[in-house]
Amino acid sequence: MTSIAQQVAQFLTWSPIKINQFRQTLLVWYDQEGRQLPWRVDQEPYHIMISELMLQQTQVQTVIPYYQNFLAKFPTVDDLAAATETDLLNAWSGLGYYSRARNLQKAAQQIVNDYQGQWPQTAVELQNLAGIGPYTASAIASIAFNEPVAAIDGNAFRVFARLLEIDLDITKPKSRLVFQEVGNRLIDPKRPGEFNQAIMDLGSSYMTAKNPDSAHSPIREFNQSWQNGTELNYPVRTKKAKPVPIDYYGLAIHSPAGWLFEKRPEKGMLAHLWMFPLIKVEALDDVSGDSALEKLAVVFAEQSGLELNFQPTELKPITHTFTHQKWQITIVTAELKTAENLEFFPGQWVPQDKIAELPMPTVQAKLNQRLFK
DNA sequence: CATCCGTGGAT
DNA sequence: TATCCAAGGAT
């Protein structure tokens, strides 16, 4: 059994002098060529928290316009804590991983209500907030509160793995502990936030996953994998599973009151967002009926109480790939002559010019475009 | 600990 | 088109 400390000692053999040289080289480069980003103009914890939540598994370029808009809509932590769910999710619509938005608001409410507006200032305490795990807590603690703790994100895994030829599988939770300790020993205690952000900038410029340019990297002399010609072997990670294909019918149901939208469940895929009702093609297997569309009417009537005749359309099916699922949606239409009461159905009739006011996922935006364009 | 949870860009 | 993966966290 090899302890964390032993593994760290195995990979990190630099002298204190070399570690200091690494810090200086990295930060001199960062001061000159670090990216200028909207969330780097101050150290407001509220600003840092929003940016870090948005940046979880999401690229900088994608986040920038969402960050600007979000801050304009919710300028303070109090504004966010008091926001309606519709306003909140609309500000996040299209960004993905929607539980992040609800976690962010819950964290704001925790700060306002549980902490009386006094921010927790250490990584350990920050992890008590919703949606904030080891990476995000370290990022906020180091950037906003100058705590010398390494923020181990995908960039840090890759940069440290290549620098020190660390061959641990980064998808294994235990590996994080080694990288965390390596980072904690390398981080500059005087400028921890900038050190962490410099590692990220390095990882997104000279030390990218696919086409690194380590020959021109400011820290190339410290990069053991580059010197040994092994840098593309790092980081080590197990492959991800392929998305599972799932076929749906997407129900485009129209009435004089508009189109029928359904609020997605509290948990699971696209939770709390609004979409056309979806029914798995597979769900028709056990249903009696002469045709697929007749079976569809039976299943939908059970859910909604609405008796409808569904019609095939000429519209090409929509395919939308998520991390774990690949949806193919066949669009069918139905017309309701009068808008009926839908008390027990988690839905609403929406006039076409009001659809854009609903928080929707990208897959629904694709359906809208296919139908209404 | 393994799996679930979105989206867009690069190749 | 298929695949990878990017400032991860919750369960």
Side-chain angles (χ1 to χ4, degrees), chain A residues 34-35 37-40 47-67 89 92-104 106-107 126-140 142-143 150-159 169-177 179-180 183 193 195-205 207-212 232 235 237-246 264-273 275 319-327 359-366:
Chain A
R35 289 174 291 185
L37 298 170
W39 46 88
R40 287 183 178 173
H47 298 165
I48 307 303
M49 178 173 74
I50 292 170
S51 68
E52 292 300 342
L53 264 291
M54 288 187 168
L55 286 161
Q56 288 171 3
Q57 295 288 283
T58 309
Q59 298 186 136
V60 166
Q61 181 181 344
T62 303
V63 165
I64 289 175
Y66 280 91
Y67 175 82
L89 291 177
W92 208 275
S93 184
L95 196 54
Y97 285 151
Y98 296 94
S99 66
R100 291 183 297 173
R102 289 178 284 116
N103 284 149
L104 179 57
K106 186 175 179 184
L126 284 161
Q127 287 191 61
N128 293 326
L129 301 176
I132 296 186
Y135 161 74
T136 307
S138 300
I140 297 173
S142 64
I143 297 170
I152 307 300
D153 71 332
N155 288 304
F157 273 122
R158 185 172 59 258
V159 169
D169 184 339
I170 65 169
T171 68
K172 303 297 183 185
K174 277 189 173 180
S175 301
R176 166 177 293 279
L177 302 176
F179 281 84
Q180 182 70 57
F195 180 96
N196 280 331
Q197 294 181 89
I199 294 293
M200 298 181 209
D201 279 17
L202 201 58
S204 62
S205 57
M207 296 183 69
T208 54
K210 296 273 178 74
N211 293 310
L232 291 182
R237 70 163 83 220
T238 53
K239 286 188 177 180
K240 294 170 185 169
K242 283 186 183 175
V244 177
I246 303 179
R264 303 270 309 172
E266 296 290 313
K267 295 184 176 180
M269 293 281 292
L270 310 176
H272 296 234
L273 300 182
M275 286 194 71
T319 60
H320 187 82
T321 304
F322 301 92
T323 306
H324 286 77
Q325 296 177 8
K326 181 176 182 177
W327 288 6
M360 290 178 303
T362 297
V363 63
Q364 179 62 47
K366 285 185 184 177

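Chain identifiers are assigned alphabetically (A, B, ...) following the order of the sequence lines, protein sequences preceding nucleic acid strands; residue numbering begins at 1 within each chain.
A donor-acceptor distance shorter than 3.5 angstrom exists from the side chain of A/Arg158 to the backbone of A/Gly203, with no hydrogens or angles considered. At least one donor-acceptor pair closer than 3.5 Å links the side chain of A/Lys366 to the backbone N or O of A/Thr319. In this structure, A/Ser51 contributes its side chain and A/Ile48 its backbone to a donor-acceptor pair below 3.5 Å. Side-chain atoms of A/Tyr66 come within 3.5 Å of backbone atoms of A/Ser93 as a donor-acceptor pair (strictly under, hydrogens ignored).
Here A/Asn196 lies out of heavy-atom contact (under 4.0 Å) with every strand. Within the 4.0 angstrom heavy-atom criterion, only backbone atoms of the sugar-phosphate kind lie near A/Lys326; the bases stay farther away.
When each of A/Thr171 and A/His324 is assigned the nucleotide of DNA chain B bearing its nearest heavy atom, the one mapping closer to the 5' terminus is A/Thr171. Where A/Thr362 and A/Pro173 each meet DNA chain B at their nearest nucleotide, the meeting point lying more 5' is that of A/Pro173.
Figure legend. C/dG9 is base-paired to B/dC4; pairs are counted as Watson-Crick or G-U wobble with both atom distances under 3.5 Å.
Rounded to whole angstrom, the span from the OH atom of A/Tyr66 across to the P atom of B/dT7 amounts to 9 Å. When the C1' atom of B/dG6 is taken as reference, atom CD of A/Gln364 falls 15 Å away, rounded to whole Å. As a whole-Å value, the separation of A/Leu95 CG from B/dC5 P is 18 Å. If you measure from atom NZ of A/Lys174 to atom P of B/dA2, you get 11 Å, rounded to the nearest angstrom. One atom, CH2 of A/Trp92, and another, P of B/dC5, lie 18 Å apart when rounded to the nearest Å. Rounded to an integer number of Å, the gap from A/Asn211 CG to C/dT3 C1' is 15 Å. As rounded to whole Å, 14 Å separates atom C1' of C/dC5 from atom CZ of A/Phe157. Taking atom NZ of residue A/Lys172 and atom C1' of nucleotide B/dA2, one finds them 8 Å apart after rounding to whole Å.
Comparing the P positions of C/dA7 and B/dT11 gives an interatomic distance of 15 Å, to the nearest angstrom. One C1' atom belongs to C/dG8, the other to B/dC1, and the distance between them is 16 Å to the nearest Å.
For A/Thr58, the side chain to side chain contact (heavy atoms under 4.5 Å, CB included) criterion is met by A/Thr62, A/Val63, A/Leu95, A/Arg100, not counting sequence neighbours.
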Starting at the 5' end of nucleotides 6-11 of chain C, put B wherever the base has a protein heavy atom under 4.0 Å, S where only the sugar-phosphate does, and a dash everywhere else.
BBBSS-

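Contact annotation: A/Lys267 does not reach the phosphate of B/dC5 (side-chain N/O to OP1 or OP2, under 4.0 Å). Taking side-chain N and O atoms only, A/His320 has no distance below 4.0 Å to OP1 or OP2 of B/dG6.
Exactly one residue among A/Glu266, A/Arg264, A/Lys267 makes a side-chain hydrogen bond (donor to acceptor under 3.5 Å, both in side chains) with A/His272. That residue is A/Glu266.
For the residue pair A/Asn196 and A/Ser142, the shortest heavy atom distance occurs at ND2-OG, 2.9 Å.
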